[in-house]
Trainee: 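Input: one structure, supplied below.
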Amino acid sequence: LRELAEQRRLPEETAGLLQAQFSDLPWDVDSWRQMAEYSPEMKQFACVLHLYDVKAYDYLRKTFPLPHPYSLTKQVCIHSESLSSWLSNKEAAAGFSSDMFLCLQEKVERGEQAYLCCALLLQEVSLCKQQEWDPQTRRLTGFIDLGAGVLDADEAPLASEAIVLMAVGISSLWTAPLGCFFVSSVTGCLLAQLLHQAISKLSNVGVRVLAVTSGTTARGAETARALGIRMDPDRIQCTFQHPPGSAHSIAFCFDVCQALQLVRNALQCFQRIQALGDTVQWQHVVELAALPERRAAEPRGPKSGRLGGEESYHLKVNLAALLFSEGVAAALEHLQELGLAAFQNCSGTVGFVRLMSRLCDVFHGRGPYRRGLEGPLLAGNYTKISQLFNEAKNLFITLTDAAGSCVVKSKRRLGFLSLLLNAESLEWLHTSYVCAEGAPSPHLLTHAFSLDPLELFLRTLQQAWGGAGTPTCAAFQAAYRKLLAGWSLEPCPPRCSPLSSTSSFDTALSCKRELTLGSIRAQCNPGCGRTVRMEQPCYAGLLLQGSALSNALTDLSQCRQSVTRAAGFIVEQLSSGLQCEACLASLFEADERRPRCGSLLYVKRLGGVSLPSASVCRVTSVTERVLNLYGKGGDGIRTTKLQHLALELRVFQELLGDSSLFPSLTEHLFDGELCLDNHYTILVKEITRRYLNIRTNHTRHLSSMYCCGRCKSKQPGGTYLFPAALGSCQPSQSHLGS
């Protein structure tokens, strides 16, 4: 080992680790050859050396009778119950999960086609270096563990990172966490070896890996080079051989979300980029994100001037809109048409944003029910996708900065090269699998080639360990064990919500938070936050009918006004936390006479207050009626969580079959997983839940205030959600509902 380190065939750090951990091993060749089988320490030594440096392993194997590399991943049946190998463990310990591979083998043996092919994802998680005593195993934890045993020598470093591997279905989004590994330092060679090991183990159980995905980082680029990937813009090599030197090829992909962030950083650093004779300017995006809310001029036409009194439409930026989206491109065009000086000559920026938006649609194909570029990779849509990829390549290789230097050869090249590499990989996958005879699947879900499914798993893992700070090795392993105990390989999508990242779609939205107009506004103008502090309804004076006095003094018109104002308060609450552009736009009443731009909203205001959409008011009015009919149990004030759920169910029953509810979200149903808990239903749930909380949580407070004489109002109609100056405002007829 010292000789290998001196010859630079083995890193000194690795040589020192092996010498410290395996000082008790017999170091003479005869002792190794005389043994009938390898001892656990010999197996551990072989596994660690092979993972850290395969070339050093092959060199040392010429002198010592080290096992063949195939033995490290070969899985043998133990008592006809489970599969095991030198790098595998049961009970979710470090290394590959033998139980997960057994489950995959059972799926394949039953002939389930969805499990014959997969994508392999890899990501690292930072750990807190700390030794801890495990009373169950009666051992110290926190050391390096690659699945062959803990490297717990006194001179061995503590683990600082965990590497997680996951297999994902490419035609049906099932996910299988394959294993975790605790290391002190991560290199591209180590990650490449772990990928090769995982591919071999999946092949042993009958699952074929079509592509692997790594982060778009310096470490990810190092991993790609270790696998044999070339990222030269003039000659891209998007596949590698497994085993090395064989004829079997596997595609390599970078995470698209991280690549988009690098492209954003490049555009921000360069400020101006020349693209095919036009100019892409970062300032156009900054001006859009920082655009203050303003009153919109009335459009010309027979209906202009219809609004009177205090009603008006205001132009408002949708801060949930993604930078590289069709909504931002359309918004820039619309503002240019309005004649705003800051958005003149923005055609180059519009073209670049629109091209990036279309690329995002292709790379994030989520379900087989989407159409066009947003759908899965099919034989029928390949022509359009291929044309788009050619257009992107022709644009990227001609991008230059202010000094005339080529962007894809600058220090800001990784984001652009990653997108070009992913495009090549998708074209190769289409040719090799979608169009090939006997293809395992007629379509490929391109979303499977991103890190979003693994990111969702890691966020769930974070909740399991407590979600506070960086976990220790013991905390991570306990959470990992807990999560795998109830894991299912069935492609059953979890609950999804636009307010919390609990599905792969929402995880993607959360990962893209740095790409939203809201993040750009916060960065360029830190004092201009997105969240507005709302006055609590009980102090703003929401008319609540839970008290007898309020019911006695309230007529139907005032009740409708109160419900409408409560809906407005809920809309302001939701809009400050929503990450979904389409859902946020559906909350406000829009001006149908104006063009729809996802990142620009024409919001109707009444007395300075944004009016909710008719669908929001419909949900709140139905909730109010259900509450009056079924919420009178007990004292009419205290409502348990179970009663809330019963009321929510009643509201859903009342709204069942209402096709006019949130009409703009009909297509949006197919953006995420096709399940009951999609953005459409979650919006209804959140509106219902928040309205019930307002009605039930503050009724007792207001009733006690009335009884104590602390709240005196001269208006017989009660008090309202907004200040008294707005009490005379009448809501639109479309908001009154039934």
Side-chain angles (χ1 to χ4, degrees), residues 1-23 25-29 32-33 38 41-74 85-87 95-96 120 122 124 144-149 151 156-157 161 163 165 179 181-201 203 209 212 214 218-232 237 239-250 252:
L1 291 174
R2 284 194 300 269
E3 190 176 318
L4 288 175
E6 291 172 357
Q7 296 176 1
R8 296 187 178 181
R9 294 177 180 269
L10 185 67
E12 292 185 6
E13 181 183 357
T14 304
L17 173 64
L18 293 172
Q19 287 177 336
Q21 180 68 32
F22 301 104
S23 58
L25 275 183
W27 290 101
D28 56 292
V29 179
W32 283 67
R33 290 176 177 171
Y38 293 106
E41 291 78 11
M42 289 179 173
K43 293 180 180 179
Q44 186 182 18
F45 172 80
C47 290
V48 173
L49 179 59
H50 186 266
L51 288 177
Y52 271 100
D53 200 308
V54 63
K55 292 183 178 179
Y57 186 89
D58 293 338
Y59 180 83
L60 196 61
R61 192 165 176 264
K62 296 177 181 178
T63 305
F64 279 83
L66 295 175
H68 192 279
Y70 179 71
S71 302
L72 307 182
T73 55
K74 182 180 180 181
S85 72
W86 290 10
L87 290 171
F96 290 105
L120 186 58
L122 176 146
E124 311 92 54
I144 298 173
D145 192 348
L146 298 174
L151 304 182
E161 291 185 84
I163 302 172
L165 290 168
F181 307 84
F182 302 112
V183 297
S184 62
S185 60
V186 180
T187 64
C189 292
L190 174 61
L191 296 179
Q193 278 302 106
L194 286 175
L195 288 171
H196 278 300
Q197 296 285 347
I199 295 169
S200 297
K201 293 176 72 64
S203 177
V209 177
V212 301
S214 179
R219 194 174 288 168
E222 184 184 355
T223 305
R225 288 191 293 269
L227 290 171
I229 302 299
R230 290 187 58 181
M231 298 179 62
D232 185 352
Q237 174 65 37
T239 60
F240 64 95
Q241 281 67 46
H242 177 84
S246 67
H248 177 56
S249 297
I250 297 175
F252 186 91

Trainee: Quick one: are Ile163 and Leu190 in side-chain contact, heavy atoms under 4.5 Å?
Mentor: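 Side-chain contact under 4.5 Å: yes.
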Trainee: Which heavy atom of Arg219 sits nearest to which heavy atom of Val186, and what is that distance?
Mentor: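 Closest approach of Arg219 to Val186, heavy atoms only: CD-CG1, 3.4 Å.
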Trainee: Not counting sequence neighbours, which residues clear side-chain hydrogen bond (donor to acceptor under 3.5 Å, both in side chains) with Glu12? List them please.
Mentor: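 Once residues adjacent in sequence are excluded, Glu12 has no partner under the side-chain hydrogen bond (donor to acceptor under 3.5 Å, both in side chains) criterion.
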Trainee: Would you please indicate yes or no on a ring centroid separation below 6.0 angstrom for Tyr57 and Tyr52?
Mentor: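 Aromatic pair excluded; centres sit 6.0 Å or further apart.
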Trainee: Start with the C-alpha distance between Glu13 and Ser184, add both sets of side-chain angles, then the distance that settles side-chain contact (heavy atoms from CB on, under 4.5 Å), and finish with yes or no.
Mentor: CA-CA 10 Å; Glu13 181 183 357; Ser184 62; 3.9 Å; yes
Trainee: What's the spacing between Leu4 CG and Lys55 NZ if we round to 0.5 Å?
Mentor: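 These two atoms lie 13.5 Å from each other.
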Trainee: Checking side-chain contact (heavy atoms from CB on, under 4.5 Å) for the pair Thr223/Thr187: CA distance, chi angles, key distance, verdict?
Mentor: CA-CA 8 Å; Thr223 305; Thr187 64; over 6 Å; no
Trainee: Once you round to the nearest 0.5 Å, how far does CG of Leu165 lie from CG of Leu195?
Mentor: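 Between atom CG of Leu165 and atom CG of Leu195 there are 6.0 Å.
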Trainee: Are the side chains of Val209 and Ser203 in touch, meaning some heavy atoms are under 4.5 Å apart?
Mentor: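 Sidechains of Ser203 and Val209: no contact.
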Trainee: Could you pull out all residues at least two apart from Glu222 that satisfy salt bridge (Lys or Arg N to Asp or Glu O under 4.0 Å)?
Mentor: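 In terms of salt bridge (Lys or Arg N to Asp or Glu O under 4.0 Å), with neighbours along the sequence ignored, Glu222 is linked to no residue.
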Trainee: Do the non-hydrogen side-chain atoms of Phe182 and Leu146 ever get within less than 4.5 Å of each other?
Mentor: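 A side-chain contact is absent here, since even the closest heavy-atom pair is not under 4.5 Å.
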Trainee: Counting C-beta onward and ignoring hydrogens, is there a side-chain heavy-atom pair between Glu124 and Leu191 closer than 4.5 Å?
Mentor: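 Yes; the side chains approach each other to less than 4.5 Å.
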Trainee: Between Tyr59 and Glu3, is there a side-chain heavy-atom distance shorter than 4.5 Å?
Mentor: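 Glu3 reaches Tyr59 side chain to side chain.
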Trainee: Indicate the atoms forming the closest heavy-atom contact of Phe252 with Gly220, along with that distance.
Mentor: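 Closest approach of Phe252 to Gly220: CZ-O, 4.1 Å.
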Trainee: Could you pull out the closest heavy-atom pair between Phe181 and Gly95, with the gap in Å?
Mentor: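 Heavy atoms only, the tightest pair is CE2-CA, 3.5 Å.
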Trainee: Angle between ring planes, His196 versus His242, binned at 30° and 60°: parallel, tilted or perpendicular?
Mentor: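 Taking His242 first and then His196, their aromatic rings lie parallel (interplane angle under 30°).
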Trainee: I would like to know whether Phe22 and Leu49 meet side-chain contact (heavy atoms from CB on, under 4.5 Å); could you show each step before the answer?
Mentor: CA-CA 11 Å; Phe22 301 104; Leu49 179 59; over 6 Å; no
Trainee: Within the structure provided, determine whether Asp145 and Leu151 are in side-chain contact (heavy-atom separation under 4.5 Å).
Mentor: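 With C-beta onward as the side chain, the pair stays apart.
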Trainee: By side-chain contact (heavy atoms from CB on, under 4.5 Å), which residues pair with Ser249, not counting sequence neighbours?
Mentor: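 For Ser249 the side-chain contact (heavy atoms from CB on, under 4.5 Å) partners, ignoring immediate neighbours, are Thr239, Gln241, Trp428.
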Trainee: Just so I know, are the side chains of Gln21 and Ile144 near enough to count as touching, which here means a heavy-atom distance under 4.5 Å?
Mentor: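 When only atoms from C-beta onward are counted, Ile144 and Gln21 do not touch, as no gap falls below 4.5 Å.
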Trainee: Would you compute the distance between atom NZ of Lys201 and atom CD1 of Ile199 and round it to the nearest 0.5 angstrom?
Mentor: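 Interatomic distance, Lys201 NZ to Ile199 CD1, rounded to 0.5 Å: 13.0 Å.
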Trainee: Taking side-chain contact (heavy atoms from CB on, under 4.5 Å) as the test, write out the residues that go with Val54, two or more places apart.
Mentor: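 With neighbours one apart ignored, the set is His50, Asp58, Gln193.
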Trainee: Quick one: side-chain contact (heavy atoms from CB on, under 4.5 Å) partners of Gln19, sequence neighbours excluded?
Mentor: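 Scan of Gln19 (side-chain contact (heavy atoms from CB on, under 4.5 Å), adjacent residues dropped) gives Leu1, Arg2.
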Trainee: Suppose we screen for side-chain hydrogen bond (donor to acceptor under 3.5 Å, both in side chains). Which residues come up paired with Arg9, at least two apart in sequence or across chains?
Mentor: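 For Arg9 the side-chain hydrogen bond (donor to acceptor under 3.5 Å, both in side chains) partners, ignoring immediate neighbours, are Gln7.
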Trainee: To the nearest 0.5 Å, tell me how far Ser214 OG sits from Leu227 CG.
Mentor: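 Nearest 0.5 Å value for the OG-CG distance: 9.0 Å.
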Trainee: Measure the CG-SG distance between Leu66 and Cys47 for me, rounded to the nearest 0.5 Å.
Mentor: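 Here the rounded value is 10.5 Å.
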